[in-house]
Amino acid sequence: MIREFFLGFIRIHILYHASKEPVYGAWLMQELARHGYELSPGTLYPALHVLERDGYLSKEVRVIEGRQRKYYRITDRGQMVLVEARGRIAELVHEVLDEGADA
Ligand SMILES: [Zn+2]
């Protein structure tokens, strides 16, 4: 239940990092853990798949030390969502964190 709330945050996080450089699952899991999101592969990989399927990420398979690794980078469509999300995040932060300051 709580996970559902944060799934949107996680998706935006993934888009953000994929806009900076190509990212892969294990790296994202570490990065998200650093931010306090303890994700299982069973949550992260389907999320990546959906973002790719819906055109927000593109996938590139590279061979690293003999093993295939899937790298994801943001698409133009994903970039549009990220830009829109920035505005909404700013508004949300303003409202939620300023609670009490001017209520
Ligand atoms: Zn991060």
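What you are looking at is a predicted structure, and each value in this text was computed from that prediction instead of being measured. Just follow the structure's listing: the first ligand is 1, and inside any ligand the first atom is 1.
Summary: OE2 is the N/O/S atom of Glu31 found nearest to the Zn ion (ligand 1). Taking the Zn ion (ligand 1) as reference, His35 places its N/O/S atom NE2 nearest. Residue His13 approaches the Zn ion (ligand 1) most closely through its N/O/S atom NE2.
Counting non-hydrogen atoms of other residues, nucleotides and ligands closer than 6.0 Å to CZ of Arg69 gives a total above 12.
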*Could you walk me through whether Glu31 and Arg34 pass the salt bridge (charged side-chain N to carboxylate O under 4.0 Å, His left out) test, one step at a time?*
CA-CA 5 Å; Glu31 170 63 15; Arg34 195 173 71 79; 3.0 Å; yes
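Note: Trp27 and His17 have perpendicular aromatic rings, judged against thresholds of 30 and 60 degrees for the angle between ring planes.
Of the possible polar contacts, one joining the Thr75 side chain to the Gly55 backbone as a donor-acceptor pair under 3.5 Å is found.
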